[in-house]
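Fair warning: this is a prediction, and the values are worked out from it, not measured in the lab.
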Amino acid sequence: MQLLRDFVAFVQRMSSDLVRSVKECLTLISKCSCLKQNSSKARQLYKPILQPHERVTAEEFLQHIETGFEMSPLGKDSLEALRTLAFSENPGLQQSAALYYLHMSQHMNIPLPVEHLESFYALLRSADLEVQQMSSLSLVNILLEGNIDKELVVQMGLLEPVLDLLESEDPTVQCNSCACTMILAVSESNREAICAARGVTPLLSLANSYDPRVQQNAVGAILNLTQSEKIQQVLCKEGALPVLALLLESPDSEVQYYSCAALSNMAANAQHHEAMLRPGNRFLLRTLISLLSSSVGKVSSQACVCLRNLATSADIQAEMIAEDVLPKLCSLLVSGNEDVRHASIALLWILSQHPHHQDTLACAELLQSLGMLLSLHKTDPVIVAHAACIIKNLSLSKTTERIIESTCVEGLLQTMLSTDTEEDSLHYVTSCLAELAKQEGAMLHMVQWIDEPLTKCLVRLAGQLKHTETSFQAASIIQHVIGHEKMVLLLKHHIGEIQAYLKNFLVHQEIRFQQLGIATFCRLQADPEFAFAFRKSQMAKLLEQVRQQTEETQELLRAANYHEDS
């Protein structure tokens, strides 16, 4: 309101001495060493003259303000008056229009009519620094609040003056124009328009600005541009990679995050890896690994994402491990930040896939961290799925004993009781446990932890029909642990359910299900109670059908082989 009062007083004082005052002001400005002509279009100092129609327009606009300033779209007459002020050659009148837009942008909560964009174009093109500052800030506010369609702003021609302001020497104007560019670059069409208008080069230049506000917004704009694979090529040609790599060492965590996220987008495209990881120069890799220790969660999380996108070959993974990445990842696994936990365990999953690294990764510290994660976050599908996959990968090496000594097996078993059947993570858990159950030591350890609730859960999973892979893996676990008296006693409480899923397996289209069903039947039949139940339920008839089908298949195969040999 104070700004509006000042504005009213200013307009009321406008009289014949206005021209003289403006001349004096411009004379002083022209002598200032900070004054610099726009590089794209030379601007000449002029002697503004207050035209009669402009004076009348200012008075009419003043009356509109005095009768009640409301945050609603201007009427036709008032909008025309505002347009006259914006297109005026008089800086004072342009400042009045810019001031109106600034105040409106801070309080308006309704969409801005497209008619106002014409006035914005004139104000952004103004030679007056204050007008540039206020109008660019107004546009930022309006874009942030979503009061104007971002693609419409570009279509109406405002992108060109916004990009021209990137070359201003005023940090405030630079900051605002970078912010505008960053917000506009959220859509693919706008990103292409920014690239076509050669906005990449000035943004890269401002990414090295000494002003932290300018640098943040410039790097933020570059981050949004990297979402386009086509523009990634342009950024590489313009030298964006070394700029972004150096910005990872910025003392500003926001700049670190934006640059790391931009590099993550670039690293998602394998064709950039050679340029990002040039032979003999692993600056980027070492810097990213050092960022894993950042106290800012989103920075360490994004560093994990970038490393994960880069870890596409065994050589790069080996270099990461050689740079002591494992202790840092173990620390991140127990972070209180969910995004950090998810990103770090996803990176570990990538590293665990290569056989050469599995022995190194299967250290006590990592396995204990995984076991702790499973016990604390047993309902988190991301944690459960990745942890199960990592443990399964490590179980394929010579480190089963270390897995048994950790709390991983117990953690995996407990997650089955907390995981919904519909979740994909349950498939990874049962698959991992089925793989462990094939190894005698791990299977014995598993039997120690299986109780009645877990037995009931395994039988239920084996009997459900919707998720066939989970059903198969649960039945495989049961088949491997049957040889122990404890498990047979527990399974006797579920004879009916076991018979039901065995019948389904015996008539299943896939041979592996039939084979697993037969193997389970044979092992359970050694127990008198199960043998009696099987005879009573006529399981023998189903087995006979399977035998006949098998013999018919063998006859057909022999005939096929005979004709082929002939």
Side-chain angles (χ1 to χ4, degrees), residues 388 392 395-396 400 403-404 409-410 412-413 416-417 421 426-427 429-465 467-551 553-554:
K392 181 180 179 181
S395 70
L396 300 175
T400 310
I403 295 174
I404 296 172
V409 175
E410 177 190 357
L412 287 169
L413 288 170
M416 289 199 301
L417 298 174
T421 311
L426 190 59
H427 157 65
V429 171
T430 53
S431 177
C432 178
L433 289 170
E435 188 64 39
L436 287 169
K438 295 176 183 177
Q439 305 180 43
E440 183 69 20
M443 184 264 292
L444 290 172
H445 187 68
M446 199 180 297
V447 171
Q448 293 176 6
W449 286 103
I450 295 178
D451 53 12
E452 171 55 30
L454 279 169
T455 304
K456 183 178 180 180
C457 179
L458 282 170
V459 174
R460 176 177 59 85
L461 292 175
Q464 56 87 31
L465 301 175
H467 304 279
T468 56
E469 196 60 36
T470 301
S471 172
F472 180 85
Q473 300 298 350
S476 179
I477 296 170
I478 293 173
Q479 190 266 337
H480 281 101
V481 299
I482 285 173
H484 295 269
E485 184 178 353
K486 172 188 174 181
M487 291 307 307
V488 175
L489 290 173
L490 289 170
L491 290 170
K492 284 181 180 180
H493 296 94
H494 309 281
I495 292 179
E497 294 93 329
I498 292 173
Q499 287 185 109
Y501 87 71
L502 285 178
K503 288 178 180 179
N504 291 331
F505 277 34
L506 291 174
V507 298
H508 202 280
Q509 296 296 318
E510 290 189 54
I511 294 178
R512 62 184 181 127
F513 280 85
Q514 296 176 13
Q515 291 175 342
L516 180 57
I518 295 169
T520 305
F521 175 85
C522 292
R523 301 195 71 178
L524 288 174
Q525 199 175 28
D527 180 80
E529 288 188 43
F530 273 102
F532 176 76
F534 288 158
R535 285 195 300 273
K536 191 175 180 181
S537 63
Q538 298 181 334
M539 289 279 288
K541 289 185 177 180
L542 279 177
L543 288 169
E544 178 60 23
Q545 290 177 12
V546 174
R547 186 188 66 77
Q548 291 177 1
Q549 291 174 0
T550 304
E551 288 184 354
T553 303
Q554 289 176 343

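- Among the candidates Leu454, Asp451, Val429, Leu458, the single residue satisfying the side chain to side chain contact (heavy atoms under 4.5 Å, CB included) test with Leu413 is Leu454.
- Looking only at side-chain heavy atoms (C-beta outward), Met443 and Lys438 stay at 4.5 Å or farther from each other.
- In this structure, His484 and Leu444 have side chains that are in contact, with non-hydrogen atoms separated by less than 4.5 Å.
- For the pair Lys486 (side chain) and Gln448 (backbone), a donor-acceptor distance under 3.5 Å is present.
- Within 6.0 Å of CD in Glu485 there are 12 or fewer heavy atoms belonging to other residues, nucleotides or ligands.
- Atom CD of Gln548 and atom CD of Glu544 lie 4.5 Å apart (nearest 0.5 Å).
- Formation of a donor-acceptor pair under 3.5 Å by the His480 side chain with backbone atoms of Ser476 is found in this model.
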(request) Tell me, with the steps shown, if Ile477 and Met446 meet side-chain contact (heavy atoms from CB on, under 4.5 Å). (result) CA-CA 10 Å; Ile477 296 170; Met446 199 180 297; 4.1 Å; yes

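- Electrostatic pairing of Lys492 and Glu529 counts as a salt bridge here, judged by a charged N lying under 4.0 Å from a carboxylate O.
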(request) Output, in order, the C-alpha distance, side-chain angles, deciding distance and verdict of salt bridge (charged side-chain N to carboxylate O under 4.0 Å, His left out) for Glu469 and Arg512. (result) CA-CA 11 Å; Glu469 196 60 36; Arg512 62 184 181 127; 2.8 Å; yes

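- Under 3.5 Å, the side chains of Thr520 and Gln479 contain no donor-acceptor pair of N or O atoms.
- Residues Cys522 and Gln525 are not in side-chain contact: their nearest non-hydrogen atoms beyond the backbone lie 4.5 Å or more apart.
- When all heavy atoms of Tyr501 and Ala462 are compared, the pair lying nearest together is CB-O, 3.7 Å.
- Residue Leu542 holds its CG atom at 10.5 Å from CD of Gln499, rounded to the nearest 0.5 Å.
- Checked against side chain to side chain contact (heavy atoms under 4.5 Å, CB included), Gln514 has the following partners two or more places apart in sequence or in another chain: Val546.
- The OG atom of Ser395 sits 5.0 Å away from atom CD of Glu435, with the distance rounded to the nearest 0.5 Å.
- Ring pair Phe505/Phe513 is perpendicular by interplanar angle, where above 60° counts as perpendicular and below 30° as parallel.
- You'll find the side chain of His467 stays beyond 4.5 Å of the side chain of His427, heavy atoms only.
- Thr430 and Ala474 make their closest contact through CB-N, 4.4 Å (heavy atoms, listed as atom of the first residue, atom of the second, distance).
- Side-chain contact between Phe534 and Asp527: absent, with no pair of heavy atoms (C-beta onward) separated by less than 4.5 Å.
- Under the 4.5 Å side-chain criterion, counting only non-hydrogen atoms from C-beta, Leu491 is not in contact with Val488.
- Residues forming a side chain to side chain contact (heavy atoms under 4.5 Å, CB included) with Ala526 (at least two apart in sequence, or on another chain): none.
- Here Glu497 pairs with Val459, His494 under the side chain to side chain contact (heavy atoms under 4.5 Å, CB included) rule; sequence neighbours left out.
- Gly517 approaches Leu502 most closely through the heavy-atom pair O-CD2, 3.7 Å.
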(request) Could you walk me through whether His445 and Leu436 pass the side-chain contact (heavy atoms from CB on, under 4.5 Å) test, one step at a time? (result) CA-CA 10 Å; His445 187 68; Leu436 287 169; over 6 Å; no

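- Here the CD atom belonging to Gln509 is positioned 12.5 Å from the OG1 atom belonging to Thr468, to the nearest 0.5 angstrom.
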(request) Given side-chain contact (heavy atoms from CB on, under 4.5 Å), test Thr470 with Gln464 step by step and report yes or no. (result) CA-CA 9 Å; Thr470 301; Gln464 56 87 31; 3.9 Å; yes

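- Using a 4.5 Å heavy-atom cutoff, the side chains of Ser471 and Leu461 are not in contact.
- Interatomic distance, CD1 of Ile511 versus CD1 of Ile518, reported as 10.0 Å (0.5 Å rounding).
- Here the CD-CD1 distance, from Gln439 to Ile404, works out to 7.5 Å after rounding to the nearest 0.5 Å.
- Closest of all the heavy-atom pairs between Cys432 and Lys392 is SG-N, 3.6 Å.
- Pairing each heavy atom of Ala533 with each of Ile495, the nearest pair is CB-CG2, 3.6 Å.
- In this structure, the side chains of Met487 and Thr455 come closer than 4.5 Å at one or more pairs of heavy atoms.
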